[in-house]
Number of protein chains: 2
Amino acid sequence: MQSKLTKSKDKARTAFAGSESAVTLESVAKAAGVSPSTVSRILNGTAKVSEDKVRAVNAAVAKLGFLPNPVARSLARGRSMSIGVVSQAIDSPFYGEALASIEKGLLRASYTPMFASGHWREEDERRCIDHLLSRRVDGIILITSCLPDTWLLSLAKRVPLVLTGRKVASPRVICLDFDHVPGARLAVDYLIGQGHKRIAFLGGPTGHPDAVQRYEGYRAALESHRLTFSSRLVAVGDYTYSGGFQAMQQLLTSKVDFSAVFAANDESAQGALLALHRQGLRVPQDISLVGFDDLPSSAYTIPPLTTVHRSTDQIGEAAADAMINLIEGRPATPKHSSPTLAIRESTRPWR
Amino acid sequence: MQSKLTKSKDKARTAFAGSESAVTLESVAKAAGVSPSTVSRILNGTAKVSEDKVRAVNAAVAKLGFLPNPVARSLARGRSMSIGVVSQAIDSPFYGEALASIEKGLLRASYTPMFASGHWREEDERRCIDHLLSRRVDGIILITSCLPDTWLLSLAKRVPLVLTGRKVASPRVICLDFDHVPGARLAVDYLIGQGHKRIAFLGGPTGHPDAVQRYEGYRAALESHRLTFSSRLVAVGDYTYSGGFQAMQQLLTSKVDFSAVFAANDESAQGALLALHRQGLRVPQDISLVGFDDLPSSAYTIPPLTTVHRSTDQIGEAAADAMINLIEGRPATPKHSSPTLAIRESTRPWR
DNA sequence: CCCGAGTATGAAAGCGCTTTCCAGACCGTA
DNA sequence: TACGGTCTGGAAAGCGCTTTCATACTCGGG
């Protein structure tokens with residue numbers, strides 16, 4: 001009854017945080033008849049406080065709908081409880097998913113993510129890192145940075161770092177392997193297993209670390225099956241639809257012979273799909289195609305795309321966990337699951 | 001033991017903030033031989049200060065590499081210079097683009113966006129609004145909220161709001177029209193202009209404000225051309241690929257007759273595309289299909305999708321500008337550009 | 001019954017910046 | 001020369017919280 005009423009009201013207040021226009025820790029202290037320090041101690045569990053005071057304070061907190069001011073808290077503690085997440089494009093389909101899972105992981109530990117995008121430009125990336133730093137983030141997660149290692153190393157002196165797609169040795173840095181090499185191998189091995197011998201590679205932007213690793217995986221797979229590599233079978237895209245489209249066209253006009261294509265990401269693959277279609281080539285009857293990333297849309301292309309799948313959920317949460325462990329001084333053991341191949345309808349055995 | 005504890009704690013602090021520039025406004029003041037207040041005044045331009053002191057301070061700032069601590073600043077000013085942006089899914093292709101442009105617009109005015117996702121669930125959305133509020137954002141941009149108007153109205157009492165896809169009358173709220181109705185009309189008008197008479201509608205989730213408006217546009221277009229509406233021509237999707245796929249299948253198995261389909265968003269349309277393909281129906285020869293949103297991928301579907309295009313850049317920046325104007329008390333005049341139809345290859349005249 | 005070891009709690013000192021308040025310098029005018 | 005007014009810039013009081021330091025107070029052993 002009474003309690004029920006109070007409860008629902010409280011909930012509403014909290015919901016709007018309307019409660020706190022002026023409710024401070026001090027007012028709670030006054031209401032509870034204790035000192036601010038005691039309230040703080042109770043709220044943070046930083047010291048033992050007698051049962052009755054705890055009750056009094058909790059009651060006051062509930063009654064006033066007190067919500068600690070994180071800004072003041074940050075200032076006092078010297079930590080902002082927010083961590084910067086810089087990716088290259090917040091609106092990229094693949095990274096979008098990863099960001100969503102980072103958000104989830106961070107929030108769970110009550111850190112707030114601050115997203116920023118580097119747009120594949122060193123300068124932009126540097127600028128937004130500066131911005132995050134000025135906002136006093138407690139750590140930065142860099143999703144496939146394009147900055148040089150040395151720069152990152154010195155950045156690590158200012159703030160703990162989690163980064164993907166590269167190895168930088170520092171106690172304040174955790175590197176997450178995104179399995180580009182084994183993923184690419186998986187794809188190409190599969191094609192080879194299907195009897196394909198002449199497999200083209202539709203690469204990502206040169207210099208882009210991910211792209212380089214996927215290329216390496218492609219070459220490694222060929223090599224381990226003793227298939228000769230030919231640079232004529234390689235076309236450079238830029239990870240976009242249009243890049244994939246153009247690269248495919250180029251491959252087609254160059255008259256090289258191939259029966260399968262491994263595209264370094266799904267966006268390229270989808271562009272390639274259209275280019276093939278325009279040439280009257282059927283997938284998979286004439287050409288087999290494998291992508292990388294398993295975008296949500298890739299299950300709905302025509303035909304549905306066979307592609308390398310990684311659990312973005314796990315990736316993102318691993319990144320978030322790694323960061324939190326790093327910050328809180330716990331040992332960080334980024335575990336990760338291996339990539340798998342989502343076999344759909346864009347591939348078939350050769351001949 | 002005791003010492004060990006202290007030490008590890010110390011280390012932890014260093015890890016967070018310790019190593020970074022301990023250069024504060026006060027140290028700048030000292031270096032420049034003036035008082036902190038003067039430095040603050042110069043930095044913020046809040047009062048007139050003599051030329052020589054300005055020079056001295058600027059020199060000191062440059063020399064020490066002083067970067068004001070935004071946390072302290074927020075606490076003192078009572079404003080955080082950050083604004084909350086809640087969308088339903090940070091990883092949705094369409095909203096992703098909008099978020100990117102909001103980020104740009106906000107950053108330009110040196111506000112920081114704080115993104116959060118509601119996942120189309122009232123509860124989640126409420127929770128993340130709470131979170132943003134507790135972080136003391138200066139305003140909140142809600143991209144197609146699913147919360148009731150009354151709730152938003154009372155939220156507006158706490159914090160200025162910019163919201164899309166609905167009308168809520170309040171001086172502290174700016175509503176941005178995302179042109180769902182005219183956009184949908186555009187699409188359907190086009191199909192009608194092409195001679196189609198039986199046009200199916202592949203809707204979004206019921207109750208979703210955007211979806212409702214797009215549906216309205218569909219009906220309005222039919223009506224204005226005196227085409228009779230039939231509920232049998234309407235299938236409900238959920239804005240996802242698979243939803244579109246299923247809805248299309250349902251439409252197909254229901255044996256209604258139609259020559260064209262208007263899908264309420266591109267993801268649905270792409271799902272529908274596959275469903276049609278599976279049935280051996282060709283687009284556009286057998287069925288014309290129009291989408292909505294013009295996702296980057298939509299130019300690369302097979303066939304490339306005719307779809308309603310809106311300038312996400314402008315939308316996002318308009319939202320950002322509106323928010324900033326609202327906060328800074330300037331009159332906000334959200335201007336917007338009309339949607340256009342990107343005519344590609346998924347449509348053709350009837351018969 | 002007293003003394004030292006704990007312990008629960010309050011007072012107060014920050015965290016780094018903004019802003020109010022006030023004193024002194026400087027100007028013009030009578 | 002004196003007086004009101006205008007400026008400039010320093011001192012200091014916050015912003016709301018954490019944390020150290022100090023102070024009563026409890027308890028058990030000698």
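Chain A is the first sequence line, chain B the second, and so forth, proteins listed ahead of strands; every chain is numbered from 1.
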Whole-Å distance between D:dT18 C1' and A:Arg41 CZ?
-> 10 Å
Rounding to a whole Å, what distance do you find between B:Ile42:CD1 and D:dG9:P?
-> 8 Å
Look at the side chain of A:Asp138 and the backbone N and O of A:Ser80, then say whether any donor-acceptor pair between them is shorter than 3.5 Å.
-> yes
Report, one pair per line, the protein and nucleotides 13-16 of chain C atoms (nitrogen or oxygen only) whose separation is under 3.5 Å.
residue	atom	partner	partner atom	Å
C:dC15	O2	A:Ala76	N	3.4
C:dG16	N2	B:Ala72	O	3.4

Hey, is the main chain of A:Ile102 close enough, under 3.5 Å, to the side chain of A:Glu317 for a donor-acceptor pair?
-> no
Could you tell me whether the phosphate oxygens of D:dA11, OP1 or OP2, come under 4.0 Å of any side-chain nitrogen or oxygen in B:Ser35?
-> no
Nearest whole angstrom, please: distance from the P of D:dC17 to the CE of A:Met81.
-> 16 Å
Interatomic distance where NZ belongs to B:Lys48 and C1' belongs to D:dC7 [whole Å] = 9 Å
Any A:Lys53 side-chain nitrogen or oxygen under 4.0 Å from OP1 or OP2 of C:dG10 | yes
To the nearest angstrom, the CG-C1' distance between A:Asn44 and D:dC17 comes to 9 Å
Here the distance between atom P of C:dT18 and atom CG of B:Leu43, to the nearest Å, is 7 Å
Hey, is the main chain of B:Thr144 close enough, under 3.5 Å, to the side chain of B:Thr164 for a donor-acceptor pair?
-> yes
Donor-acceptor side-chain pairing of B:Thr112 and A:Arg135 below 3.5 angstrom = yes
Heavy-atom pair of closest approach, residues B:Ser145 and B:Pro209 | O-CG, 3.7 Å
Contact class for A:Ser50 (heavy atom, under 4.0 Å): base, sugar-phosphate, or nothing?
-> sugar-phosphate
Indicate yes or no for a side-chain donor-acceptor contact from A:Ser82 to the backbone of A:Pro113 under 3.5 Å, with no hydrogens or angles considered.
-> no
Side chain A:Thr38 and base C:dA8 donor-acceptor under 3.5 Å = no
Donor-acceptor pair, side chain of B:Ser74 and main chain of B:Pro70, under 3.5 angstrom | yes
Indicate yes or no for a side-chain donor-acceptor contact from A:Ser87 to the backbone of A:Ser117 under 3.5 Å, with no hydrogens or angles considered.
-> no
Under the salt bridge (charged side-chain N to carboxylate O under 4.0 Å, His left out) rule, collect the residues that match up with B:Lys63, sequence neighbours excluded.
-> none
Can you pull out how bent the helix from C:dC1-D:dG30 to C:dA30-D:dT1 is, comparing the axes over its first five and last five pairs, to 10°?
-> 60°
Whole-Å distance between C:dG10 C1' and A:Lys30 NZ?
-> 14 Å
